[in-house]
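Here is how names work: the chains are called A, B, and so on, in the same order as the sequence lines, proteins then strands, and each is numbered from 1.
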Amino acid sequence: MRQGQPGERNRRDWDDGRGAYHSAITHSRPQGTIPMLTDPRLSFEDRWGSMLDELLVRARISGEAPGHRFDLGRSCECAPIRSKIPGDAECPAWVAHELWLGVRALRDRVVTRESRLEALPGRSVREILDDDSPDPGSVDELAAVAAFNQVVAVFDGQVDEYLNRLAGWALAMDHAADEVRRNDLPSPHESPLSREEMARAERRITELSRAAWSRIRDTAPARRPDVEAGIRAWYGHVGAPAPETIFWVRSPREMSRLVRALTEVVSGSWAALVEARGDVVDSGIQRFRGSLMPETYEHAARYLAAASRRTGTTARIVESVHPAAESHLVSMARAASAVFGWNDAHRLRRDAATRLGGARSRLMESLAWWDTASERPGLGSGPIETTDGTPRPVDTVAALPWLGGLDEAGLAATHAVLEAADSTASAWCWWGFRGFAIACERPAQIQFDDQRRLHAHTGPAIRFRDGWAVSAWHGTPVPHAAIDSGWTPRDILASGNQEVRRAAIEASGGWHEFARRARLQQVGPDVADPGNPGGDPLRLYELPHGLLDEPARLLLVSNASLERDGSRRRYGLLVPPDIDDPLDAAAWTFDLDPALYASLDAAR
Amino acid sequence: MTVTPTLGELLARHHREVLDHLDRNASIPAVTVGRQGDVLVCATIDGAEGTAVPPEGVVLVRGSNDHVLLADGDVRWEDFTMGDLIDEGGPSIGMILVAEGATAYLLHPEHGALAMVGPANYEVIRQREWRGRDATVAD
């Protein structure tokens with residue numbers, strides 16, 4: 001093997017099957033040994049930190065590579081790198097951090113297994129799992145050291161695989177960066193493709209978008225054998241043992257209830273659930289089937305928050321999607337550049353790369369059911385969660401993936417992700433744990449508007465096979481009653497959520513109809529909306545006596561930003577009844593002096 | 001007078017996306033007082049310590065879409081709500097501290113971006129409505 005200079009890429013090292021790890025370390029240590037990992041004088045974190053640091057520097061072989069510090073778990077300084085690589089190339093330090101999380105989870109698992117077999121004296125499984133540092137401190141030193149040495153021995157056997165993967169990701173990023181630096185996309189004045197080839201490329205993009213869209217809209221039952229085989233393949237793909245059991249649920253609500261029940265069964269700890277063996281979990285599901293679900297979000301919520309919304313296994317699976325989809329992206333960009341010309345292609349490729357990142361984020365979020373609004377997993381008894389008594393809609397991104405109006409590039413990029421996700425795509429979503437997985441059936445019914453937003457003007461917009469359903473108005477989830485029986489103006493104003501209130505007004509006929517039904521009376525003149533010269537004016541209304549329990553007035557405000565169809569969203573905000581002027585009312589909503597509010601530079 | 005980037009440049013630099021019908025060629029307005037949907041930023045003479053804004057930004061307000069604080073240069077964020085994203089104490093949720101030569105951006109998928117140029121501090125205020133008692137606008 002040719003001895004490369006520091007900073008020089010040696011392509012043969014990648015291809016010779018021994019992996020980047022060996023070549024990277026060999027170049028840095030002519031002896032070819034890796035003493036750091038086994039040096040007992042260094043702490044666990046120090047050893048791994050230094051090792052990954054060195055690998056990062058070597059793997060990012062580039063004359064411009066900054067002295068990149070890998071800082072465990074803390075923010076990285078890689079903005080200069082990212083800005084050089086358009087598209088969704090991941091920061092290597094972040095990738096390495098994710099690897100570190102996987103490494104640590106593996107450490108915990110080994111220690112857990114060992115302690116179950118040997119019943120480590122003086123330390124419970126919980127203590128070991130919760131202990132971030134392997135340093136034998138105040139607890140039984142001998143037992144802890146024995147467990148730790150066992151962990152190190154296991155790691156040294158596994159390290160090549162993990163580090164090769166990290167090096168592989170870094171290589172994929174380098175390739176993407178090279179692609180951009182070489183500027184090999186054709187300019188608008190040269191078209192290397194014939195007219196026929198261009199037409200074919202255009203059809204291909206349309207084809208990809210349609211395929212992705214039809215998958216999203218599919219309500220046929222999931223093909224369970226395919227999904228299960230696909231899930232097992234994903235586990236194999238990331239080097240984890242296949243799950244012993246795969247549970248099927250009918251909706252994300254059932255999935256969250258199952259997770260909650262299982263968390264209770266498995267010693268009440270989310271961390272333990274992540275690592276649990278399938279047979280332990282299986283006994284738990286028997287209890288789930290027969291029992292009522294108690295409201296015990298707190299357990300799972302606490303640990304879900306700590307686990308950053310995904311398990312190590314799931315994170316690795318999702319990260320594996322990216323390199324596979326990257327090649328789709330590049331080939332799609334070539335086709336797009338031929339069809340649309342350089343400027344559009346550049347934008348399309350950048351947009352598509354962002355959308356790929358967005359689609360991938362949404363894929364991750366579909367794998368981890370999380371209500372970011374109320375910081376809770378899943379749902380309770382219905383589509384609207386209450387926190388302080390105020391109805392709040394569920395975060396639809398977490399619950400219902402790929403919503404929100406996708407354009408052609410977005411759909412094509414989503415399709416790249418879907419293709420990589422392969423046969424598991426016929427499930428609605430699935431969640432990978434160490435010993436088991438949970439897969440969710442497709443909805444029985446799902447409806448969209450012409451901007452591909454979840455929407456139905458009667459009945460729910462999405463309904464799952466267990467009956468759980470969500471109503472939505474042009475992409476905004478709302479309580480069923482707002483669509484079905486129709487809310488009264490009192491109901492509408494009682495809603496504490498401005499988006500739900502707005503959607504409910506739209507669903508009941510729009511603002512004029514609402515003003516008529518509520519018998520609103522204008523107070524004072526229309527006033528120009530500060531900072532929003534082209535927008536609608538501010539308007540203040542008196543509410544009829546008795547409409548609300550407490551007197552109030554209503555301020556009509558409009559978005560400064562336009563919707564896709566050119567319209568503006570309108571909102572009615574309750575303001576104190578003793579305010580007479582729309583501008584004063586608007587200033588009050590921001591607790592600002594009216595003269596200062598009037599001096600607003602810009603509203604968006 | 002600082003030249004602010006276009007929306008597209010900001011998105012590319014920070015790996016973010018907005019709804020695709022927003023004009024990416026539009027330059028981002030620099031504000032002393034600015035409104036983004038139901039969030040207002042207002043330059044203030046008050047100060048705070050704050051912590052550095054990481055490259056991935058800080059979510060200031062969660063909703064159906066998030067308002068995210070992004071930094072070009074030395075920008076710090078002081079959270080008045082102690083992480084509880086619905087502030088019971090009043091509509092002011094925190095302060096953005098922008099050093100000389102730096103610019104902070106508030107980005108939202110539906111509303112685009114606002115720019116806050118340093119050296120200056122900006123108070124961040126959530127819109128509220130009247131409930132007999134005050135309650136924060138929620139979406």
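Neither the backbone nor the side chain of A/Leu548 comes within contact range of chain B, judged by heavy atoms closer than 4.5 Å. Proximity to chain B (any heavy atom under 4.5 Å) is restricted, for A/Leu592, to the side chain, taken from C-beta onward. Looking at A/Tyr571, there are no atoms closer than 4.5 Å to chain B (heavy atoms on both sides), in backbone or side chain. For a residue to count as touching a neighbouring chain, one of its non-hydrogen atoms must lie under 4.5 Å from one of that chain's; by this rule A/Arg501 touches chain B with the side chain only.
A/Asp536 meets the side chain to side chain donor-acceptor pair (under 3.5 Å) test with A/Ser558; sequence neighbours excluded.
The existence of a salt bridge linking A/Arg568 and A/Asp529 is excluded, since no basic side-chain nitrogen approaches an acidic carboxylate oxygen closer than 4.0 Å. Comment: A/Arg569 engages A/Glu499 in a salt bridge, judged by a side-chain N to carboxylate O separation of less than 4.0 angstrom. B/Glu78 has no carboxylate O lying under 4.0 Å from a charged side-chain N of B/Arg76, or vice versa, which leaves the two without a salt bridge.
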Could you go through residues 40-53 of chain B and list every donor-acceptor pair under 3.5 Å that involves a side-chain atom there, pairing it with any protein atom two or more places apart or in another chain?
unit_1  : atom_1 : unit_2  : atom_2 : d
B/Thr44 : OG1    : B/Asp46 : N      : 3.0

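Taking chain B as the reference chain and counting heavy-atom pairs below 4.5 Å, the highest number among A/Ala560, A/Pro530, A/Ser599, A/Pro576 is found for A/Pro576.
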